[in-house]
Amino acid sequence: MQHQPEHPSRHQTPGGRPPRKLSLITPSGRLTLGNHLGALRGMVAAQDHATCFFGVSDLHAMTTAHDPAELRERSREVATLMLACGLDPERATLFRQSEVPAHTGLAYLLECTALTGELSRMIQFKEKRRQAGGATGARASLFTYPVLMAADILLYRPEAVPVGDDQRQHVELTRDLALRFNRSYGPVFTVPEIEVPPVAARLRDLADPTRKMSKSAVSDAGVIRLLDDPATVRRKIGRAVTDSDTGPDAVRHDPVAKPGVSNLLELVAACTGSSPEAVAGGAPTYGALKKLATDAVVSVLEPVQRRYGELARDPGAVEEVYAAGARRCVEETGPVLYAARAAIGLG
Ligand code: ATP
Ligand code: MG
């Protein structure tokens, strides 16, 4: 992994205590390599130096049409995969959002802070509304979900939010709401910073590199799932869209002119701890690059899948981790919701 220049505040707050970090993953589908490289890896790294709260945002999985049994199953799978990827209940608090009532409690107070204009500008709202069948077909929660996400974050007073680049606009909104609330009613919230990884912060769909890889994508063809077997990984990468360039420098990192090739280079770089340019130097052809990519992905997924298999044999133990985390979060968030209520004029 390339290293960003480190700022001292990344590891310690001015008061000398470790920073607090919060990140959530929505069980809206089966987790992807994008979720792993863009978010989970940063979350795993954060456990070593920060006080971490990491959650399964099951409420966010109900903003579009959903099936209750499937939601329950996906939520279990995501909770288990978070552990399989290396999140450790000894070093981070793991929880399900729906089990911590302060999330929805604070969301309403923040809905009284947010403006409809700023919510209408959210890119993900516009995209998912289109997918959900236009303005009349979208759930109201799809519109208000960034406010719930702001509540998810602000309740834990984190300094940093380790997420993929696609969450930039939502974290910006969270900052705006925190600043506006603090200015209007008093200093209740910490204003958080986004923290994105240096490479593969926005992994693209292999079949359509103009789109980001998403677990809720309509087509599975260009989406690598964390539980895909090696043959499936090989097939999806083998069919990844590149371009018709056959020149001597066809394998090069140029995201604008060569989105498909650049995406594969970033994927290998993120999996192997290298840089896209160095990877390009070792792959003379698209075929060689795809072989490198397949090997790199399979070796990242192999230990995750092995651990997942072990954890899945004892679902009760996984549930206990999340139940204990939720109890801790209820204690943690109660005083913050209380402070917000008092500041806004309730109680
Ligand atoms: P959905 O399609 O339901 O929105 P998603 O794949 O975008 O699913 P989220 O639950 O919205 O996943 O996001 C979980 C985390 O994964 C976030 O931190 C997000 O920024 C990150 N993430 C999602 N997709 C990518 C991607 N393609 N590249 C890097 N990071 C990503
Ligand atoms: Mg998303």
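Counting convention: from 1, in listed order, for ligands and their atoms alike.
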Aromatic ring proximity His103/Tyr156, centre distance under 6.0 Å: yes

Electrostatic pair Glu310:Arg307 at N-O distance under 4.0 angstrom: yes

CA sep, side-chain torsions, deciding dist, call: Phe181, Phe189, ring pair (Phe, Tyr, Trp, His ring centres under 6.0 Å): CA-CA 8 Å; Phe181 190 103; Phe189 299 121; 4.9 Å; yes

Ring geometry between Phe125 and Phe143 (parallel below 30°, tilted from 30 to 60°, perpendicular above 60°): perpendicular

Non-neighbouring partners of His170 that pass ring pair (Phe, Tyr, Trp, His ring centres under 6.0 Å), sequence neighbours left out: Tyr145

Atom of Glu195, atom of Ala160 and distance for their closest heavy-atom approach: OE2-CB, 3.6 Å

Could you list each N/O atom of ligand 1 together with any protein N/O atom closer than 3.5 Å, one pair per line with the distance?
from: ligand 1; atom 1: 2 (O); to: Ser216; atom 2: N; distance (Å): 3.3
from: ligand 1; atom 1: 2 (O); to: Ser216; atom 2: OG; distance (Å): 2.5
from: ligand 1; atom 1: 3 (O); to: Ser28; atom 2: OG; distance (Å): 2.5
from: ligand 1; atom 1: 3 (O); to: Ser216; atom 2: OG; distance (Å): 3.2
from: ligand 1; atom 1: 4 (O); to: Lys128; atom 2: NZ; distance (Å): 2.8
from: ligand 1; atom 1: 6 (O); to: Asn35; atom 2: ND2; distance (Å): 3.1
from: ligand 1; atom 1: 6 (O); to: Lys215; atom 2: N; distance (Å): 3.0
from: ligand 1; atom 1: 7 (O); to: Lys212; atom 2: NZ; distance (Å): 2.6
from: ligand 1; atom 1: 8 (O); to: Lys215; atom 2: NZ; distance (Å): 2.9
from: ligand 1; atom 1: 10 (O); to: Thr26; atom 2: N; distance (Å): 3.1
from: ligand 1; atom 1: 10 (O); to: Lys215; atom 2: NZ; distance (Å): 2.6
from: ligand 1; atom 1: 12 (O); to: Asn35; atom 2: ND2; distance (Å): 3.2
from: ligand 1; atom 1: 12 (O); to: Lys215; atom 2: NZ; distance (Å): 3.0
from: ligand 1; atom 1: 16 (O); to: Asn35; atom 2: ND2; distance (Å): 3.2
from: ligand 1; atom 1: 18 (O); to: Gly164; atom 2: N; distance (Å): 3.2
from: ligand 1; atom 1: 20 (O); to: Gly164; atom 2: N; distance (Å): 2.7
from: ligand 1; atom 1: 20 (O); to: Gly164; atom 2: O; distance (Å): 3.4
from: ligand 1; atom 1: 20 (O); to: Asp166; atom 2: OD1; distance (Å): 2.6
from: ligand 1; atom 1: 24 (N); to: Lys212; atom 2: NZ; distance (Å): 2.7
from: ligand 1; atom 1: 24 (N); to: Met213; atom 2: O; distance (Å): 3.4
from: ligand 1; atom 1: 27 (N); to: Leu203; atom 2: O; distance (Å): 2.8
from: ligand 1; atom 1: 27 (N); to: Met213; atom 2: O; distance (Å): 2.9
from: ligand 1; atom 1: 28 (N); to: Leu203; atom 2: N; distance (Å): 2.8
from: ligand 1; atom 1: 30 (N); to: Gly34; atom 2: O; distance (Å): 3.2

